[in-house]
2 protein chains.
Amino acid sequence: MPKTDVNNAPFSYDGLDRVIHEKARLGLMTSLMAHPKGLAFADLKQLCGLTDGNLSRHLQVLQEAGLVEVTKGYEGNRPHTTCRLTKAGRRRFLDYLAVLERLVRDAAKAAGKEGAAPSRLGILPA
Amino acid sequence: MPKTDVNNAPFSYDGLDRVIHEKARLGLMTSLMAHPKGLAFADLKQLCGLTDGNLSRHLQVLQEAGLVEVTKGYEGNRPHTTCRLTKAGRRRFLDYLAVLERLVRDAAKAAGKEGAAPSRLGILPA
DNA sequence: GTCCGAACTTTGCATTGCAAAGTATAGCGG
DNA sequence: CCGCTATACTTTGCAATGCAAAGTTCGGAC
């Protein structure tokens, strides 16, 4: 059990996995979620607007955490790296998203509470 | 303009403000959003499940970024620190949330795309 | 007057994100 | 054949930062 009881700390959001909760990695996970067949290094770089170095590093982190599977092979004769979400990666990302969604909902509710701009956020529409 | 054109990098999410995008600080911002009248140091500590040291540090960061207003005073004769969101803080948090919401929506859509668990996430219900 | 606890702040360390430089190979111009 | 640029990554170095442990200050309780 977490050191700080969740009942007493409703805003601790300790389900926010450190490995996933990172700007760049969030983009990567989302990209990979949208492309379950896998994506090439260059594609990810483009999609997430990352430099080669950063992408390499973040992929390494995700791989070591077992969230993505990185396959280094050759396309013709040039190196070609492909990445896919692992089963665990997908599951953990969904867990993460559930927490994130709760956060957005909490904040949106709080934002709505006090007059002013009632629905700056499109969430919770219906 | 950002170095990487957003058109070419749909998953860069570069609207995710570094100062806000941090587990602990996210909790703080959400707490403060829910309590526009302000919260005491001890309250925040409890709500977010933070240690004294971490709370102090994060509040300092948020204050220096102009997102929260920290008022150090005395309640009776003991020190008493109160925190409120600034106008800019509220605005920037809402901006942040909008991006976050887009991310959750992107990911949820991607998750739904390929059979399996169709609505693990409660978002996009209707 | 000393012990304890509340309410913070400061310090130190170990992690980590990021960018610049490095490696390797393919393809092309001359 | 010999550079030269481009592609496809990896490695390195540094500066920032989150976190916990220790420090500080002050107010009662005893």
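Lettering of chains follows the sequences in order, A, B, ..., and the numbering in each one begins at 1.
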field: Those residues that, when tested against Lys45(B), pass side-chain hydrogen bond (donor to acceptor under 3.5 Å, both in side chains) (two or more places apart)
entry: Asp52(B)

message: Rounded at 0.5 Å granularity, tell me how far CG in Asp106(A) sits from CD in Glu101(A).
response: 10.5 Å

message: Using whole Å, what does the distance between atom C1' of nucleotide dC18(C) and atom CG of Leu55(A) come to?
response: 13 Å

What N/O pairs connect the protein and nucleotides 2-6 of chain D at under 3.5 Å? Give each pair on its own line.
none

statement: Closest heavy-atom pair, Thr86(B) versus Gly66(B), reported as atoms and distance to 0.1 Å, is OG1-O, 2.8 Å

task: For His58(A) and dA19(C), give me the distance from atom NE2 to atom C1', rounded to whole Å.
output: 11 Å

- line: When rounded to whole Å, the CG to P distance for the pair Asp14(A) and dG18(D) reads 17 Å

query: Can you tell me if the side-chain N/O atoms of Lys72(B) get under 4.0 Å from OP1 or OP2 in dA7(C)?
result: no

Exercise: identify the closest heavy-atom pair between His80(A) and Ala40(A): NE2-CB, 3.5 Å

query: Under 4.0 Å between a side-chain N/O of His80(B) and OP1 or OP2 of dA6(C), yes or no?
result: no

Between P of dA8(D) and CG of Leu44(A), the distance in whole Å: 13 Å

- prompt: Nearest to the side chain of Pro79(A), which nucleotide is it out of dC9(D), dG17(C), dC8(C)?
  reply: dC9(D)

task: In whole angstrom, give the distance that lies between atom CG of Leu50(B) and atom P of dA7(C).
output: 16 Å

- request: Please report the shortest heavy-atom distance between Ala107(A) and Phe93(B), naming the atom on each side.
  value: CB-CE2, 3.9 Å

field: Flag side-chain contact, heavy atom, 4.5 Å: Val99(A) against Arg102(A)
entry: yes

- request: Calculate the interatomic distance between Gln46(B) atom CD and dA6(C) atom C1'; express it in whole Å.
  value: 14 Å

- line: Rounded to the nearest 0.5 angstrom, the CG-CZ distance for Leu50(A) and Phe41(A) is 9.0 Å

- prompt: Tyr13(B) OH to dG17(C) P: how many Å, rounded?
  reply: 18 Å

Could you pull out all donor-acceptor pairs under 3.5 Å where a side-chain atom in residues 54-62 of chain A meets a protein atom, sequence neighbours excluded?
residue  : atom : partner  : partner atom : Å
Asn54(A) : ND2  : Thr51(A) : OG1          : 3.2
His58(A) : ND1  : Arg25(A) : NH1          : 3.2
Gln60(A) : NE2  : Glu64(A) : OE2          : 3.4

task: Could you say whether Val61(A) or Phe41(B) is positioned toward the 5' end of DNA chain C, judged by the nucleotide with the nearest heavy atom to each?
output: Phe41(B)

- line: All heavy atoms of Cys48(A) vs all of Ala9(B), minimum pair found to be C-CB, 4.0 Å

message: Any residue in residues 18-26 of chain B with a heavy atom nearer than 4.0 angstrom to DNA chain D? Just list them by number, or reply none.
response: Glu22(B), Arg25(B)

- prompt: For Leu100(B) and Leu100(A), what are the C-alpha separation, side-chain angles and deciding distance, and is it a side chain to side chain contact (heavy atoms under 4.5 Å, CB included)?
  reply: CA-CA 8 Å; Leu100(B) 211 59; Leu100(A) 210 59; 3.9 Å; yes

- prompt: When every nucleotide of nucleotides 10-15 of chain C is labelled 5' to 3' by its protein contacts under 4.0 Å (heavy atoms), B for base, S for sugar-phosphate only, - for none, what sequence of letters results?
  reply: B-----

Side-chain polar contacts of residues 27-39 of chain A - donor-acceptor pairs under 3.5 angstrom, sequence neighbours left out - could you list them?
residue  : atom : partner  : partner atom : Å
Thr30(A) : OG1  : Leu26(A) : O            : 2.8
Ser31(A) : OG   : Gly27(A) : O            : 2.8

Touch class at under 4.0 angstrom, heavy-atom based, for Lys45(A) against every strand present: nothing

Least distance between heavy atoms, Tyr13(A) atom then Lys23(B) atom: O-CG, 4.0 Å

